[in-house]
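Have a look at the structure below before the remarks.
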Amino acid sequence: MTDFRALPNQPTLHVGLALHDSERPGRYLRLTHIFEDGVYAMWVGTPEEARYAKRPIFYSWNQLSALTSPTSKWGRIVLPQQLSVPAESGSSQAGKIQSAWVQIAPVIQAFENRTNLSRHHFTALIRERALSIDVAEKTLHRLILRYYYFGSTKIALVALPRGPKRTTRGREESGEKDHANGEIPDKANNRRGRKTILSDELGPNNFVVTPDDVDDMLRCYKQLLRKGPTNKTTAHETYLSTFFQKSHPDTYRQYIKKQISEPVTYRQFCYYINGELQLTEDLARNERRLRRDPANTNSLVSAGPGEIYEIDSTGGRLYLVSSEKNPVVVGKPTIYFLIDRWSRFVVSAYISLRAPSYEEVRNTLLIAFTSREKRFSRLGIEVSDNQWPIGCIPAVICPDRGSDFMSGSMLQSVVDDLRIDLTPLPPLCPDGKAIVERLIRTIKQRMAASGMKGVYADRPLDPQSRRAARKAEAAAVHTLADAYRALIEIVKDYNNRPHQALKRRKILTQHGIEPTPKNAYVWGLENITGLRSAPYTEEDYYRLLLNSDKASISGGVLRYKTRAYHPSNEAAIDYIRRSPRNRPSLDIRLDKTQPAVIMIASRHGEWPCFVMGAGDARDSEGISIDEEEAFAAVNARLWARSDHESRRVRVAAKAAKPVNNRHKSAHAERLPNVDMQRARYQETAKLKNKLHAQTHTEFEEHTASASVGKSWSEVEREEKARLVELVKLNRSKR
């Protein structure tokens with residue numbers, strides 16, 4: 001059965017989109033080529049019918065418009081499960097795909113010319129290619145049609161199971177706020193200067209800055225400069241939360257409760273700081289100012305959200321140090337960012353201790369397109385899909401020429417498998433992705449201002465910055481999850497702050513959308529039409545982006561990195577039943593940032609799914625696979641240190657034992673039962689006295705002696721009575 005996902009808006013037509021008319025179920029017109037005067041498209045249906053596909057047919061724009069109707073919609077067709085398993089590098093399946101692609105690649109290239117798509121040239125080119133490589137013409141013909149049938153992707157060259165035989169089938173309020181009783185506000189209470197635009201909502205701002213307030217502003221700014229690099233934005237917020245709160249608690253309380261507007265605005269704060277501030281050379285070195293280049297007006301064009309994403313990685317300016325007695329520097333993590341060019345919305349942020357590679361880029365993309373709540377709850381990070389919406393699949397990704405973005409795996413997976421256009425920048429052209437570069441600078445500034453342990457502000461180039469980096473290294477004691485938690489808080493704040501670039505987008509102003517990246521991104525996806533979109537669905541991309549690794553089966557349980565995983569669906573139960581009881585190695589698919597679930601790729605039916613056991617889940621809670629591997633050396637050192645110390649203590653204790661006396665000790669005398677009971681009570685009384693730091697009493701001796709010769713029931717009754725008396729005595733003392 002074909003799974004068709006309609007797009008909510010009218011998209012820009014591109015190869016891979018399909019037109020579906022609800023009045024004609026089971027029939028989809030998929031675009032294969034687009035030219036100036038029309039398109040080539042082919043009718044598709046279920047995956048099994050790919051064997052009987054016909055060649056693409058030309059439709060002029062008028063003919064294509066005639067096919068559209070109120071009941072028809074453009075959308076995407078979900079890849080069948082057999083094609084959603086990417087071939088592992090070096091596997092036999094990858095070799096078969098590459099071999100098939102080499103056979104049809106020249107013909108596919110020739111079909112980019114519209115003339116060659118005619119019926120005569122189409123068949124002739126296939127026949128000519130089949131003769132040149134000594135392959136059956138029918139086989140080559142089916143390979144080419146299957147390539148177009150599944151959206152012009154190399155994954156379609158995987159051999160599908162034989163299908164069935166072919167059968168014939170044809171905020172607005174009208175009222176205005178009036179002053180009570182028509183009274184005119186007293187102008188003497190109003191402060192001078194420009195009135196805030198929110199006066200109609202929050203009332204007039206009557207707070208007047210005094211000389212004492214100016215002194216507090218200067219003192220706050222200087223304190224932050226003594227601690228390290230800072231800017232006026234951070235200083236303004238720190239002033240309101242500390243100095244202003246102490247000086248004007250009532251006004252501050254009203255401001256926090258949204259009863260009044262901001263008492264001291266950022267514009268006021270900068271005015272008094274710039275007019276009154278006098279800094280020494282050391283403090284001036286830590287002052288950070290916004291530098292703009294008015295001559296550079298290059299516009300990074302994007303028609304709307306979800307069309308072009310920019311991606312980049314940076315070395316985080318923070319240290320990760322173990323919290324043991326002799327701390328060990330684990331390293332500085334690498335941070336990946338994926339940002340939407342049109343709305344400035346941060347779609348994904350990923351932090352890793354591994355070296356930059358495509359595997360880390362894969363995790364960045366996986367985080368972008370899946371639920372935030374399910375992913376980060378295991379790490380103890382509170383973030384919801386409403387606070388940080390899930391990103392949509394882009395049509396284009398713009399990276400730089402880093403090794404992790406230009407690797408063969410990146411090109412094959414993103415371009416060939418995922419069908420996402422990759423537009424790497426030319427050399428020495430960082431302004432081609434200036435948005436993500438500016439985001440990285442902003443994130444580093446806010447991380448330095450957050451006060452998180454182990455963070456330093458500047459690159460260690462001069463003595464002062466090197467000293468700050470060494471100080472951060474000595475103070476850093478936190479896990480990767482703590483660093484990730486702080487990073488996500490900054491990203492959430494960034495997505496919900498107004499952005500200057502969005503203020504210039506008149507379409508947002510026209511529709512009353514606040515100029516924050518989150519609001520612009522969500523609104524744009526729902527209302528802007530004519531955007532390029534990715535050819536596959538989110539489910540397809542999720543399966544294609546899962547990491548590959550090896551696991552084993554032992555005792556009927558799947559084991560991965562010493563953890564046990566149990567079947568969670570019928571396919572997994574059946575897989576365990578059919579597998580040997582001990583299987584040393586098998587290929588698995590998992591999300592390493594959320595390793596609680598493991599799947600086994602299957603080209604036939606549902607994927608077997610395994611879930612981590614409850615005990616292992618508690619042991620690994622808050623730890624990702626990358627962090628676990630990064631701390632492997634630290635864990636081994638702690639184990640070796642404790643094992644060495646405990647063995648040393650045991651050896652020393654054995655060596656300190658006195659040499660056994662060769663003389664035989666005298667045999668213990670066997671006493672009558674009455675004397676034996678007296679001796680037992682005396683030994684027990686001595687032990688209790690030492691435990692409770694009490695002296696030996698005659699009462700206990702009398703009790704011990706008096707109890708001799710009595711029955712056990714009488715002794716127990718007397719002991720209970722004595723304990724009751726002791727409890728009463730203690731209560732009376734209180």
Side-chain angles (χ1 to χ4, degrees), residues 171 173 175-181 183-227 230-277 381-384 386-388 442 445-452 485-486 488-499 503 512 514-519:
R171 157 174 84 143
E173 297 180 0
E176 297 181 356
K177 296 182 179 180
D178 299 329
H179 296 293
N181 302 324
E183 296 180 357
I184 300 176
D186 187 6
K187 294 184 178 181
N189 294 330
N190 294 341
R191 66 179 185 178
R192 298 169 54 192
R194 183 183 301 174
K195 303 298 182 292
T196 176
I197 197 172
L198 299 178
S199 297
D200 294 339
E201 301 177 14
L202 301 176
N205 188 354
N206 297 324
F207 181 80
V208 179
V209 177
T210 64
D212 293 337
D213 296 325
V214 177
D215 293 339
D216 289 341
M217 298 179 197
L218 299 176
R219 190 160 56 252
C220 175
Y221 194 47
K222 289 181 179 180
Q223 283 184 3
L224 294 177
L225 291 176
R226 293 190 188 99
K227 294 180 180 179
T230 190
N231 50 47
K232 292 185 177 65
T233 304
T234 305
H236 174 238
E237 296 174 357
T238 306
Y239 162 73
L240 289 176
S241 62
T242 55
F243 289 86
F244 186 85
Q245 179 185 10
K246 294 179 181 179
S247 302
H248 309 279
D250 296 335
T251 306
Y252 175 81
R253 192 179 305 109
Q254 293 176 347
Y255 165 61
I256 294 300
K257 293 181 178 180
K258 301 181 181 181
Q259 296 176 356
I260 62 173
S261 58
E262 195 173 60
V264 179
T265 64
Y266 176 70
R267 185 185 182 95
Q268 276 184 294
F269 184 83
C270 294
Y271 172 80
Y272 290 114
I273 290 294
N274 295 334
E276 303 289 339
L277 185 64
I381 302 175
E382 295 183 0
V383 55
S384 64
N386 185 33
Q387 295 172 329
W388 193 8
T442 301
Q445 289 177 350
R446 295 181 183 175
M447 289 182 70
S450 66
M452 187 172 62
R485 183 181 298 106
I488 290 179
E489 291 297 326
I490 295 174
V491 168
K492 288 195 301 183
D493 177 70
Y494 181 92
N495 285 336
N496 288 278
R497 273 192 180 189
H499 201 287
K503 184 179 180 182
E514 297 179 358
T516 63
K518 173 189 170 183
N519 292 334

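We number each residue from 1, following the sequence as shown. Quick note: numbers below take in every heavy atom, side chains included, and nothing from hydrogens, waters or symmetry partners.
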With rounding to the nearest 0.5 Å, note down the distance linking [atom1] in [X] to [atom2] in [Y].
X: Arg446; Y: Thr234; atom1: CZ; atom2: OG1; value: 8.0 Å
X: Leu225; Y: Asn231; atom1: CG; atom2: CG; value: 10.0 Å
X: Gln223; Y: Thr230; atom1: CD; atom2: OG1; value: 11.5 Å
X: Leu224; Y: Thr238; atom1: CG; atom2: OG1; value: 5.0 Å
X: Lys518; Y: Tyr494; atom1: NZ; atom2: OH; value: 15.5 Å

message: When you compare the side chain of Lys222 with that of Leu277, does any pair of heavy atoms fall below 4.5 Å?
response: yes

Nearest atoms (heavy-atom pairs only) where [X] meets [Y]:
X: Val383; Y: Lys492; answer: CG2-CD, 3.8 Å
X: Cys220; Y: Ala235; answer: SG-O, 3.9 Å
X: Pro515; Y: Lys503; answer: CB-N, 4.0 Å

- prompt: Under the ring pair (Phe, Tyr, Trp, His ring centres under 6.0 Å) criterion, do Phe207 and Phe244 qualify, and how do the steps go?
  reply: CA-CA 12 Å; Phe207 181 80; Phe244 186 85; 5.2 Å; yes

query: What do you reckon, is CD of Glu237 surrounded by more than 12 foreign heavy atoms closer than 6.0 Å?
result: yes

Report all side-chain donor-acceptor pairs from residues 245-254 shorter than 3.5 Å, counting only partners two or more places apart or in another chain.
unit_1, atom_1, unit_2, atom_2, d
Ser247, OG, Asp216, OD2, 3.3
Ser247, OG, Phe243, O, 3.1
His248, NE2, Asp213, OD1, 2.9
Asp250, OD1, Arg253, NH1, 3.0

field: Among Tyr272, Tyr221, Phe269, the one residue meeting ring-ring contact (aromatic ring centres under 6.0 Å, His included) with His236
entry: Phe269

query: Thinking salt bridges, do Arg497 and Asp493 make one under a 4.0 Å N-O criterion?
result: yes

query: Under the side-chain contact (heavy atoms from CB on, under 4.5 Å) test, which residues partner Ser384, sequence neighbours left out?
result: Glu373, Asn386, Gln387

task: Could you please spell out the steps behind the side chain to side chain contact (heavy atoms under 4.5 Å, CB included) verdict for Leu240 and Glu262?
output: CA-CA 9 Å; Leu240 289 176; Glu262 195 173 60; 4.0 Å; yes

